[in-house]
Each structure stands twice: as C-alpha cells, then as structure tokens.
Amino acid sequence: MKIKTAGDKVFDFFNYLFVTLFSMACLFPFFYVVSFSVTPYSEYLENPLKLIPSRLEFGAYRQIFEMPQMWTGYKITILITLIGVALNIFLMLISAYPLSKPDLKGRNVILALIVFTMFFNGGLIPNFYLIKTLHLYNTIWSMILPGALGAYNLILMKNFIGAIPPSLEESAYIDGANEIKVLFRIIIPLSKPAIATFVIFHAVTQWNTFFSAIIYTSRRSLWPLMLILRDLVVDDGGIARDVMDAGSGVTEFTIKMAIIVFATLPIILVYPFLQRFFMKGLLVGSIKG
C-alpha cells in the first residue's frame, strides 16, 4: 500500500474541495426550484435567496394536479420516451452487430454513409416535407422516428460489440447457435453496461424533446411535457395563469416552480436504478473495433 506524502494529502484535499463545490453548484438550481415551489411567495419577496422556508405550502402542486394539460403532456412524453428508447436500442443492436464483423461485405461503404450523415443532412425543410409525405404530421410517430437511430451512438455500439472476444461467438457457433441466438444470448447480455448507458442518454433526450413537436405537430393534444413548459416560459406564465386560483394565495411564480419540479422529477428518480450499469458503460466505444 502506497504511503501518501504531504503533497498527496494536499492534492486530495483540494481535489475533494473542488468536486464538492462543483457538485453544490450543480445541485443549487434544482434545490432552489424545489424550495420555492413550497415556499410562501411573501417569504420569497422578503428574501429571494432563502432556501429553507419557515413553513411549507403545497397549494401549487394541488392546482397543477388538476391541470389537464399536464397529464396529457405526461402521457405523450411517457409514450415518446418508452417507444423511442425501445425502438432506438433495438435498431442500434441489430445494426451494430453485423457492422462489427470485419468480413461483412460492403461494411466500409455502409460505415462511410453513416458517418456522412453526421456531417451533412437534408435540412429542416426536406425533413418536414418527408414527414408530411409519409403522413406522419400530427402523429406521435413524427416525434419518434426521425431520431430513432443516431449515427454517433451506432458507431459507439459497434465498437463496443467489436471489442467482445470472438472466441465467445465461435464457441456458440460450434454448439449449433445461429446469428440470432449469438446476438440475444451472448452479445446483448455482455453489452448491458453499454445498453444501459444509451438507455439513459436516449431517455433523457426523448423526455426533454420539444423542438420536433413544434415542427411536426399543430395539435395541442400532442404536445409533450417539455413543450408545455416552453409555452409556459415563452407566454410568460400563460398556462400558470390558467390554473391559478385567485382565492388560494398561490402565485404564478410558485406554480412555475412546481411545474418544473413535476416535469423533471421522474427522469431523476429513474437514474439511480441504472447508475451501476451507467458507470460501467461510461467508456463505451472507447476501444476501437
């Protein structure tokens, strides 16, 4: 065991200090929003930096629970996230596995075309025309299919699978397994850290999506949760004013804070369950396949 010198101890002290301060800086905005979602507005006016309220008020949450737009947005966002993540992982696996084979005919040409899309695309107008032509406009699929498979993630997954020892696949072939069995019984179980990492990345992306809804939908019933939040900010609290009960003492500011917490809490609660896989998969694709 290495004995730490005085210099090592000083370095560790400042290292922990920096990480602690950085973590507090990252947590402060969320804690600020949570605190003032349950703080009486009068206390906020007296001291906007008072993060610990003298008493808690949950009137804003009671009002947004009665807000139909929030539940509709939740339903759309959950559907987009679940279907989008499942489709993304499925397409990524069935594409990355064959592309990880060096003897695949046309492999270099396919990879070149995939990389090409990372630098060039048709643009917003052709994409919109494509969605209209495929009759996907004003459907939930218009917010799922355009981002169903990302080139960058596909290449990372291909590299990860390519780093799996070929001897494992060869042993399976000797036992009579075909490509499908090898993929689902060997490749996928060994790729759990990478899959969990991409699940988190894509789930966060899908949960926070709003731009595709702006472009590809005109029906308010198809708005995802984050587009409702954007409308709240752009319209300067229009939605908040719609649900605000004048006699409850709850203000527009408090409702805004409560809606932000209400919208971001689910994705935060999911992360701890995938954290151990996420930590293992941080270096996914770093080994060249």
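Atom set for the values below is all heavy atoms of this structure, side chains included, hydrogens, waters and symmetry mates excluded. Keep in mind that this is a model prediction, so the values were computed, not measured.
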Under a 4.0 Å N-O cut-off, is there an ion pair linking Glu179 with Lys181? no

Using 30° and 60° as the class boundaries, would you call the ring planes of Phe253 and Tyr44 parallel, tilted or perpendicular? parallel

Would you find more than 12 non-hydrogen atoms of other residues, nucleotides or ligands less than 6.0 Å from Phe211 atom CZ? no

Interatomic spacing from CG in Leu225 to CD1 in Ile78 - rounded to 0.5 Å: 9.0 Å

Do Leu113 and Thr117 come within less than 4.5 Å of each other through their side chains, counting heavy atoms only? no

Does the pair Thr39 and Glu57 meet the rule for a side-chain contact (heavy atoms from CB on, under 4.5 Å), with working shown? CA-CA 6 Å; Thr39 298; Glu57 283 190 357; over 6 Å; no

Between the CZ atom in Arg107 and the CG atom in Leu99, the distance rounded to the nearest 0.5 Å is 7.0 Å

Validation row: Tyr97, Val182 side chains within 4.5 angstrom (heavy atoms): yes

Answer yes or no: is there a donor N or O on one side and an acceptor on the other, between the side chain of Thr139 and the main chain of Leu136, under 3.5 Å? yes

More than 12 non-hydrogen atoms from neighbouring residues, nucleotides or ligands closer than 6.0 Å to OH on Tyr32, yes or no? yes

Are Ile174 and Phe184 grouped together when hydrophobic residues (ILVMFWY) are joined by side-chain heavy atoms under 4.5 angstrom apart? no

Kindly indicate whether the side chain of Phe36, heavy atoms from C-beta on, has any atom under 4.5 Å from the side chain of Thr254. no

Point-to-point distance, once rounded to the nearest 0.5 Å, from CD1 of Ile161 to CG of Leu190: 10.0 Å

Where is the tightest heavy-atom contact between Thr209 and Met226, given as atom of each residue plus distance? O-CB, 3.7 Å

Just wondering, are more than 12 heavy atoms of other shown residues or ligands nearer than 6.0 Å to OH in Tyr152? no

Could you measure the distance from the CZ atom of Phe22 to the CG atom of Leu27? Nearest 0.5 Å is fine. 10.0 Å

Compare every heavy atom of Gly123 with every heavy atom of Pro126, then report the nearest pair and how far apart it is. CD-O, 3.4 Å

Decide yes or no for Leu87 and Leu145: does some side-chain heavy atom of the first lie under 4.5 Å from some side-chain heavy atom of the second? yes

Taking C-beta and beyond as the side chain, do Glu169 and Ile187 meet within less than 4.5 Å on heavy atoms? yes

Between Tyr74 and Trp207, what is the ring plane arrangement, given parallel below 30°, perpendicular above 60°, and tilted in between? perpendicular

I need the minimum non-hydrogen distance between Ile76 and Met143, along with the two atoms involved. CG2-CE, 4.3 Å

Between Ile214 and Leu227, is a side-chain contact (heavy atoms from CB on, under 4.5 Å) present by the stated rule, with each step listed? CA-CA 8 Å; Ile214 296 176; Leu227 183 53; 3.5 Å; yes

Taking every heavy atom of Met157 against every heavy atom of Ala194, the minimum-distance pair comes out as SD-CB, 4.0 Å

Mind listing the closest non-hydrogen atom pair of Ile144 and Leu79 along with its distance? CD1-O, 4.5 Å

What about Phe13 and Met24, same hydrophobic cluster or not, with Ile/Leu/Val/Met/Phe/Trp/Tyr joined at side-chain heavy-atom distances under 4.5 Å? no

Could you tell me if the side chain of Val85 sits less than 4.5 Å from the side chain of Asn88, heavy atoms only? no

Going by heavy atoms in the side chains, are Tyr216 and Asn127 under 4.5 Å from each other? yes

For Phe160 and Ser191: C-alpha separation, side-chain torsions, deciding distance, then whether side-chain contact (heavy atoms from CB on, under 4.5 Å) applies. CA-CA 8 Å; Phe160 186 91; Ser191 303; 3.7 Å; yes

Say whether, by atom type as modelled, one donor and one acceptor occur between the side chain of Ser35 and the main chain of Phe31 under 3.5 angstrom. no

Run the ring-centre check on Phe120 versus Phe116 and record whether the distance is less than 6.0 Å. yes

Counting distance only, does the side-chain N/O of Thr72 pair as donor-acceptor with the main-chain N or O of Gln69 below 3.5 Å? no

Distance alone, cut at 3.5 Å: any donor-acceptor contact between the side chains of Thr20 and Ser23? no

Counting neighbours of CG on Leu45 that are heavy atoms of other residues, nucleotides or ligands and sit closer than 6.0 Å, is the number greater than 12? yes

Could you please spell out the steps behind the side-chain contact (heavy atoms from CB on, under 4.5 Å) verdict for Trp223 and Thr217? CA-CA 8 Å; Trp223 278 15; Thr217 63; 4.3 Å; yes

When you look at CD1 of Ile52, are more than 12 heavy atoms from neighbouring residues, nucleotides or ligands closer to it than 6.0 Å? no

Asn208 side-chain N/O to Val204 backbone N/O, donor-acceptor pair under 3.5 Å: yes

What about Val19 and Phe14, same hydrophobic cluster or not, with Ile/Leu/Val/Met/Phe/Trp/Tyr joined at side-chain heavy-atom distances under 4.5 Å? no

Is it true that a side-chain atom of Asp175 and a backbone atom of Ala177 form a donor plus acceptor pair closer than 3.5 Å? no

As an exercise, state the distance from CD1 of Ile228 to CH2 of Trp71, rounded to the nearest 0.5 Å. 12.0 Å

Given the rule that I, L, V, M, F, W and Y join up when any side-chain heavy atoms are under 4.5 Å apart, are Ile260 and Leu56 in one cluster? yes

Backbone of Met92 reached by a side-chain donor or acceptor of Asn153 within 3.5 Å: no

Any side-chain heavy-atom pair from Phe30 and Thr264 closer than 4.5 angstrom? yes

Look at the side-chain heavy atoms of Ile, Leu, Val, Met, Phe, Trp and Tyr, link any pair under 4.5 Å apart, and say whether Leu21 and Val10 land in one connected group. yes

So, does Glu43 use its side chain to make a donor-acceptor pair with the main chain of Ser54 at under 3.5 Å? yes

Out of the candidates Phe65, Tyr61, Phe58, only one should pair with Phe262 under the ring pair (Phe, Tyr, Trp, His ring centres under 6.0 Å) rule; please name it. Phe65

d(Ile114 CD1, Leu111 CG) to nearest 0.5 Å is 5.5 Å

Write down the atom of Leu168, the atom of Ile186, and the distance for their closest heavy-atom approach. O-CD1, 3.7 Å

